[in-house]
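A short worksheet on the structure shown next.
In what follows, chains are A, B, ... by sequence order, proteins preceding strands, each numbered from 1. The basis for the numbers below is simple: all heavy atoms, side chains too, and nothing from hydrogens, waters or symmetry mates.
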Amino acid sequence: MTSAVPPRATADEFQRLCDFLYRRTGLSFTPARRYYVDRRLAARMEATGAATFPDYFARLRADAGGEVEHLVNSLTVNETYFFREDHQLRCLTSSILPGAVARRVPSEPVRIWSVPCSTGEEPYSIAIWLLENWPPIDDVDVEIVGSDIDTLALAAARDGIYGRRSLSRLPPALVTKYFDQSGDESWRIIDGLRESVLFTEANLIDPATVGAQGRFDVIFCRNVLIYFDDMSRRVAAENLYDALVPGGYICLGHAESMSRISPLFEVRRHEEAIVYQRPEGDAHD
Amino acid sequence: MPLTRRDGSSPIPPADPTPTSRPDPSSPDPEARRAATRLLPPNPESAGPLGRMLAHERDGSVREAILTALARIGGDAAVAALLPHLRSDDAALRSAALTTLQGLPATLAQLPALLADEDPDIRVLAAEIARAMPAGEAAALLCGMIAREREPNPCAAAVEVLAEIGGPDCLPVLEACAGRFASEPFLGFAIRAASARISGGRAPATR
């Protein structure tokens, strides 16, 4: 009996796939990551019943059955945990917030939005990071809002109970300081911190629910636009632009690029991260 | 805890335009024009006026709102509103119109005419539009264009797109093109690269 495992893509086919993925999603894979891609490609070819690379590539290009999302899912890490991509948190305190504080109306807080916030790890991470790493927090009001379309995820975020895996990147001292053990393998965010983050329902492609959140100085919108279709990405970018104050920043996931989605934002390359800024000059209100 | 959270007594101020920038498509304030554009219902009747606004709009954020509105309207009306901008003297507008047309399935019906346009620059842009169309139809149209094309640049644009969307039935057309433009080494190189991609490196290289 012969094996049903699809044949390995040739070097030219691999390059064709990489070109497509880069153009479509911004994900970049060099030949050095050939093995990583090959394994996931073989799994997707098997899952879709594609006997050859051309068969699979035609399916991918047509996005039959949402195949682009399936492949991208297999090529990216899809889990959330505290202090994920903490280089952006370092960028927040070292490069972004000083400008935001200088721009703000003194009586107004600096507003930070985590969208989608899923079960709350990101907005709570931002809060802990600021409390631990940003001395001006003692003098500057900061308002953190976490939003998601998934009301079950929002309920979990408000509960603030997490397992060991979610906390794996937090130093033990921070777990002790900001969590109460609530079970053998679960920890709950302390009341004071839970009560300082507002959770709201919002759909990134709905201007009304996005507009209802007000304007923000910084938006974290990580690892979601990559899964939208072109039209939804475009509408989401418009909504995010309107949700930022002029000069405000947006942080995307490491595999995402706003430049591929919309020309509305300016690229800002900081030492810790690449972020995108609504131009300062278009303040009209 | 030095973090603040709003409650019922201090509601979130909405991000809607303030009274000083009321939505108005003819306002000198770009934010008011942008707001007016974003409030337009996505009806085909809006496509013509949006296309005319696009020709005169210089603010990037308003221009993007117009293009997104046209993309939401979609269909023949949006395509008709966008096509004239492929001939704009403004490179950014040409590029933006192209990207938006790529996202509209109705553009496919216009592709044969665009690939046969008398302006070679339009044929180059049309090849790029074909990249986003259904592969089988687009590849056949690009092969037809290459077969009759007299200029090397539109051929090169089509070859580059075929490297992604083409199938084995495109290889003879590419080989013939390489022969016709033997004095254009860059085109021969592009055709060899495209042929290798299409065949997965399994077919003999085109000369």
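- Neither the backbone nor the side chain of A:V110 comes within less than 4.5 Å of any heavy atom of chain B.
- In terms of heavy atoms, A:D242 sits closest to B:R34 at OD1-NE, 3.0 Å.
- Note that the CE atom of A:M231 and the OG1 atom of B:T100 stand 8.5 Å from one another [nearest 0.5 Å].
- Heavy atoms of A:N239 lying under 4.5 Å from chain B belong to its backbone as well as its side chain.
- Chosen from A:D139, A:V197, A:D19, the residue pairing most often with chain B at heavy-atom distances under 4.5 Å is A:V197.
- Contact of A:V245 with chain B is not made at all, since no heavy-atom distance falls under 4.5 Å.
- The nearest pair of heavy atoms linking A:L264 to B:G60 is CD2-O, 4.2 Å.
- Residues A:R16 and B:A163 approach most closely at NE-O, 2.7 Å, considering heavy atoms.
- The closest donor-acceptor contact from the side chain of A:T10 to the backbone of B:G200 lies under 3.5 Å.
- A distance of 9.5 Å separates CD in B:E64 from CZ in A:F265, rounded to the nearest 0.5 Å.
- Within the 4.5 angstrom heavy-atom criterion, atoms from both the backbone and the side chain of A:A127 approach chain B.
- Counting all heavy atoms, side chain and backbone alike, A:F57 lies closest to B:E164 at CE2-O, 3.2 Å.
- Interface residue B:R131: backbone and side-chain heavy atoms are both found under 4.5 Å from chain A.
- Put simply, CZ on A:F20 and CD1 on B:I165 are 11.5 Å apart, with the number rounded to the nearest 0.5 Å.
- Atom CG of A:D230 is separated from atom CD of B:Q102 by 9.0 Å, given to the nearest 0.5 angstrom.
- Considering CD of A:E238 and CG of B:L67, their distance stands at 9.0 Å, rounded to 0.5 Å.
- Using a 3.5 Å distance cut-off with no hydrogens or angles, the side chains of B:S61 and A:R278 do not pair a donor with an acceptor.
- Annotation for B:F189: atom CZ does not count as buried by contact number, only 12 or fewer foreign heavy atoms lying within 6.0 Å.
- In this structure, the separation between CG on A:L130 and CG on B:L3 is 6.5 Å, given to the nearest 0.5 Å.
- Under a cut-off of 6.0 angstrom, the local environment of CZ in A:R104 is crowded, with over 12 non-hydrogen atoms contributed by other residues, nucleotides or ligands.
- Residue B:R38 comes nearest to A:V235 through the heavy atom pair NH2-O, 4.1 Å, listed as atom of the first residue, atom of the second, then distance.
- Residue A:D206 qualifies as enclosed at atom CG: its count of foreign heavy atoms under 6.0 Å is above 12.
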